[in-house]
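Just follow the structure's listing: the first ligand is 1, and inside any ligand the first atom is 1.
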Amino acid sequence: MTSSRFDLRGKVAIVTGGNGGIGLGMARGLADAGADIAVVGRNETKSAAAVADLKQRGVKALAVPTDVTDKAAVAAMIDRVVGDLGRIDILINNAGMSIRKPPHELELDEWNKVIDTNLTSAFVCSKLAYPALKASGNGKVINIGSMMSIFGASFATAYAASKGGIVQYTRACANAWAPDNIQVNAILPGWIDTDLTRGARQQVSGLHERVLARTPAGRWGDIGDFAGIAVFLASPASNFVTGTAIPVDGGFSVMA
Ligand code: NDP
């Protein structure tokens, strides 16, 4: 009984940015629970490696090379997933990037790039996946926010705007799609060891130590920390949970 609440066998999940970092950590969790996975990203070498990793877990996995800021490409991706894997039950809007500049130095094209990648892509992917998620009968959308959904930072001009926006977008969709039995939730990662933050650690001296000191758990997060929350929010265990934004941050957001 308990395990069936978390059973994803027969389900199909799309994970944008599923070829590395937090996206791969979540994709591995879903695959271990039995879901077939479509890995969406631009880097085909990374996507091929992720697909091989996921297939070893005994599920079907498919790489769909896609730039999530390109609406036509997203539409083709959704068609391909339904065509090749048969359905869509779970959509994880995880693809993201940052340009670290204060507000007065950020250019409009840089602002647009961050908003398009982190926020508008979630709108486009969710809107185009909605018919399949509704047809699933128990659809699940998981959007990836950040500590910048809660806090601000001088370098996170467009990033904080996009990640604040993703939480409000999550709440709107949760209301709209509850009658379709689609649950829509957000995960807010703390500081996690990935390519994104490896770059930041190289650029910002002392960042590594500051994160350790500011995080009650006393460590950086690992991509494996996202497997369990992804399975929970993708499975029947969370069928009465919608519109939430759940920190996975080792206590970062509750440290005074
Ligand atoms: P990574 O850089 O490791 O992963 C980012 C992923 O997004 C890659 O798989 C990349 O794939 C994909 N991506 C980026 N742009 C596009 C695009 N235009 N089209 C398709 N795919 C794209 O970073 P993380 O794993 O750290 O980040 C994942 C998410 O978690 C992001 O939304 C990030 O903002 C968020 N986050 C991360 C935190 C951290 O500490 N690491 C903290 C808070 C939030 P490809 O290059 O192949 O396109």
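- Between I14 and I78 the shortest heavy-atom distance is CD1-CD1, 4.0 Å.
- Of all protein heavy atoms, the one closest to atom 40 (O) of ligand 1 is I192 N, 2.8 Å.
- Heavy atoms of D67 come nearer than 4.0 angstrom to ligand 1 in at least one pair.
- The closest protein non-hydrogen atom to atom 33 (C) of ligand 1 is Y159 OH, 3.5 Å.
- Within the 4.0 Å heavy-atom criterion, the part of K163 lying near ligand 1 is the side chain and not the backbone.
- Applying the side chain to side chain donor-acceptor pair (under 3.5 Å) test to R201 and every residue at least two apart in sequence or in another chain returns D193, H208.
- Checked against a 3.5 angstrom limit, the closest N/O atoms of N43 and ligand 1 fall inside it.
- Among the atoms of G41, none of the N or O lies under 3.5 angstrom from an N or O of ligand 1.
- Here the protein heavy atom with the shortest distance to atom 25 (O) of ligand 1 is I22 N, 2.8 Å.
- Between K55 and D36 no salt bridge is recorded (no basic side-chain N to carboxylate O distance below 4.0 Å).
- Ranking the protein heavy atoms by distance from atom 8 (C) of ligand 1 puts N19 OD1, 3.7 Å first.
- Using cut-offs of 30° and 60° on the angle between ring planes, the pair Y130 and W177 is parallel.
- Counting only non-hydrogen atoms, the option in R42, E44, R198 that gets closest to atom 46 (O) of ligand 1 is R42.
- Protein heavy atom at the shortest distance from atom 12 (C) of ligand 1 is G17 CA, 3.6 Å.
- Looking only at side-chain heavy atoms (C-beta outward), N118 and Y159 come within less than 4.5 Å of each other.
- In this structure, atom 5 (C) of ligand 1 lies nearest to the protein heavy atom G96 O, 3.7 Å.
- Geometrically, ligand 1 and S146 share no nitrogen or oxygen pair separated by less than 3.5 Å.
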Pairs of donor and acceptor atoms involving the side chains of residues 210-217, under 3.5 Å and at least two apart or interchain, shall be tabulated with distances.
from : atom 1 : to   : atom 2 : distance (Å)
R214 : NH1    : F252 : O      : 2.7
R214 : NH2    : F252 : O      : 3.4
T215 : OG1    : V211 : O      : 2.7

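- With a 4.0 Å heavy-atom cut-off, ligand 1 is reached by no atom of T16.
- Of the protein's non-hydrogen atoms, L196 CD2, 4.2 Å is the one closest to atom 27 (O) of ligand 1.
- Residue V68 has at least one nitrogen or oxygen atom sitting less than 3.5 Å from a nitrogen or oxygen atom of ligand 1, judged on distance alone.
- Taking only nitrogen or oxygen atoms, main chain and side chain alike, T194 reaches within less than 3.5 Å of ligand 1.
- Polar contact with ligand 1: absent for T69 (N/O pair, distance under 3.5 Å).
- In this structure, atom 3 (O) of ligand 1 lies nearest to the protein heavy atom G21 CA, 3.8 Å.
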